[in-house]
Amino acid sequence: MQIDILTLFPELFTTHFETSILKRARDAGLLNVSVHNIRDYAQGKHRVTDEPPYGGGGGMVLKPEPIFDAVQAIIGLNSDSNQARNQFPIILLTPQGRLFNQSIAQELATENRLILICGRYEGVDERVRQQLATDEISIGDYVLTGGELAALIVTDAVARLQKGALGAEGAAEADSHADGLLEGPHYTRPETFRGMQVPDVLRSGHAVKIRQWRREQALRRTWQRRPELLLNANLDEEDKQFLMILAEESIHGM
Ligand code: 6GU
């Protein structure tokens, strides 16, 4: 997969992509991330990328031309941004976008290429949304100074879903949120730490019991912390029965 990131602050991206899983994904040829400076595509001696908004009001707005020109140069088309729009997602990172989650990450992970445009300042000229972006993504209901951290988050979530990016086969399937549930607890050595024991079942070697215990822990944790996730989770009959038990426990104040 190829990910192109357009930003006014390319230096914000250097360290993250050199570490751990992302580096492995790049080294294995599963992923290539290219960071492009929007300023390189701005015109004139001063390469202006932002200007005050029409109609007044404070702040600065990113100009459309450098962003359109950058996308066209990156994808190597001579004229028509509509051609590009049909080929792969061109995503504007903005607090007004759809709220990013694991299911959007899974959707994006199936693409061959993504273009991520990082907004800055008070915003981006509306014509970028209208004629260039095919999607708009926000990472949460709070305001950041720019889309760069959001682009890092989207890239990280998508990269680790590339086949072979994670060490263990199936590691991504067991993630929190992968099936709509939070993950249960994990333990490693030592067996006893400051008087706290690893649950017996995890040392039992009994694969079926371990699976069942983990499933129940995931259901319990989701029930306690994010009950609204259960509405869209992938649940079988056994899961539902266990949730009934949890419901009864809470009614009887256990
Ligand atoms: Cl994508 N950009 C900015 N500037 N703020 C945000 C965001 C994005 N997502 C949440 N807050």
Side-chain angles (χ1 to χ4, degrees), residues 1-17 22 31 33-42 48-68 70-71 74-75 81 84-85 88-111 113-162 175-177 182 225-226 228-229 232:
M1 170 183 249
Q2 168 72 30
I3 300 181
D4 293 282
I5 300 173
L6 279 67
T7 173
L8 283 171
F9 298 91
E11 63 277 12
L12 288 176
F13 292 87
T14 46
T15 54
H16 187 75
F17 296 137
L22 274 184
L31 177 75
V33 182
S34 307
V35 181
H36 310 271
N37 193 339
I38 293 171
R39 188 168 299 280
D40 293 343
Y41 300 90
V48 174
T49 54
D50 59 310
E51 299 210 47
Y54 274 109
M60 298 293 268
V61 175
L62 287 186
K63 293 163 68 62
E65 307 98 306
I67 299 176
F68 274 75
V71 169
I74 289 161
I75 61 188
S81 59
R85 297 178 93 206
F88 36 74
I90 302 175
I91 302 168
L92 181 64
L93 282 319
T94 160
Q96 297 163 26
R98 60 182 175 139
L99 200 53
F100 190 58
N101 61 23
Q102 190 65 18
S103 108
I104 297 176
Q106 280 159 355
E107 170 195 320
L108 298 179
T110 66
E111 301 284 347
R113 188 169 195 183
L114 299 177
I115 298 202
L116 305 180
I117 302 171
C118 303
R120 269 272 156 178
Y121 311 118
E122 295 313 298
V124 177
D125 189 283
E126 185 66 14
R127 289 161 290 191
V128 171
R129 296 173 201 282
Q130 287 174 337
Q131 289 288 324
L132 191 62
T134 61
D135 197 358
E136 296 174 43
I137 286 178
S138 162
I139 57 165
D141 293 336
Y142 38 79
V143 180
L144 303 169
T145 52
E148 282 77 11
L149 291 169
L152 279 168
I153 283 168
V154 169
T155 301
D156 190 287
V158 167
R160 63 188 292 291
L161 290 175
Q162 299 301 301
D175 285 343
S176 280
H177 296 295
L182 303 181
R225 300 183 182 191
R226 299 288 306 279
E228 80 282 6
L229 295 178
N232 292 315

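Indexing begins at 1, ligand by ligand and atom by atom, following the structure's order. Values below: every heavy atom of this structure, side chains too, minus hydrogens, waters and symmetry copies. Keep in mind that what you see is a predicted model, and the values were worked out from it rather than measured. Heads up: numbering here begins at 1 and tracks the sequence.
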query: Which atoms from ligand 1 have a heavy atom of Tyr142 less than 4.0 Å away?
result: 6 (C), 10 (C), 11 (N)
message: Which residue is it: Ile75, Leu92, Thr134? I am looking for the one with a side-chain contact (heavy atoms from CB on, under 4.5 Å) to Ile115.
response: Ile75
message: If only side-chain N and O atoms count, and only distance matters, is there a donor-acceptor pair under 3.5 Å linking Glu136 with Thr94?
response: no
query: Looking at Val128, Asp125, Leu8, Ile117, which one forms a side-chain contact (heavy atoms from CB on, under 4.5 Å) with Leu62?
result: Leu8
message: Students should be able to answer this: which protein heavy-atom is nearest to atom 9 (N) of ligand 1, and at what distance?
response: Ile139 N, 3.0 Å
- request: Tell me which protein heavy atom sits closest to atom 2 (N) of ligand 1, plus the residue, atom name and distance to 0.1 Å.
  value: Pro95 CD, 3.5 Å
message: Test of understanding: given a 4.0 Å heavy-atom threshold, classify the contact between Asp141 and ligand 1 as side chain, backbone, both, or neither.
response: neither
- prompt: Should the proximity of Ala150 to ligand 1, defined as any heavy atom under 4.0 Å, be assigned to the side chain, the backbone, both, or neither?
  reply: side chain
statement: Ranked by distance from atom 1 (Cl) of ligand 1, the top protein heavy atom is Thr94 N, 3.1 Å
- prompt: For atom 4 (N) of ligand 1, what is the nearest protein heavy atom, given as residue, atom name and distance?
  reply: Leu144 O, 3.1 Å
message: If I take atom CG from residue Asp50 and atom NZ from residue Lys63, how far apart are they, to the nearest 0.5 angstrom?
response: 9.0 Å
Nearest atoms (heavy-atom pairs only) where Ala42 meets Thr49: CB-CG2, 3.9 Å
task: Give a yes/no verdict on whether any heavy atom in Gly140 is under 4.0 Å from an atom of ligand 1.
output: yes
message: Please list, in number order, the atoms of ligand 1 under 4.0 Å from a heavy atom of Ile137.
response: 1 (Cl)
Atom pairs and distances, side-chain donor-acceptor, residues 149-156, under 3.5 Å, sequence neighbours left out:
{"unit_1": "Thr155", "atom_1": "OG1", "unit_2": "Ala151", "atom_2": "O", "d": "2.7"}
{"unit_1": "Asp156", "atom_1": "OD2", "unit_2": "His16", "atom_2": "NE2", "d": "3.1"}

- prompt: Does a side-chain N-to-carboxylate-O contact under 4.0 Å join Glu228 and Arg226?
  reply: yes
message: Only heavy atoms of Gly146, strictly under 4.0 Å: list the atoms of ligand 1 that pass.
response: 2 (N), 3 (C), 4 (N)
- line: On a heavy-atom basis, the closest approach of Glu122 and Gly58 is CG-O, 3.8 Å
message: Any nitrogen or oxygen of Val143 lying under 3.5 Å from a nitrogen or oxygen in ligand 1? Just yes or no.
response: no
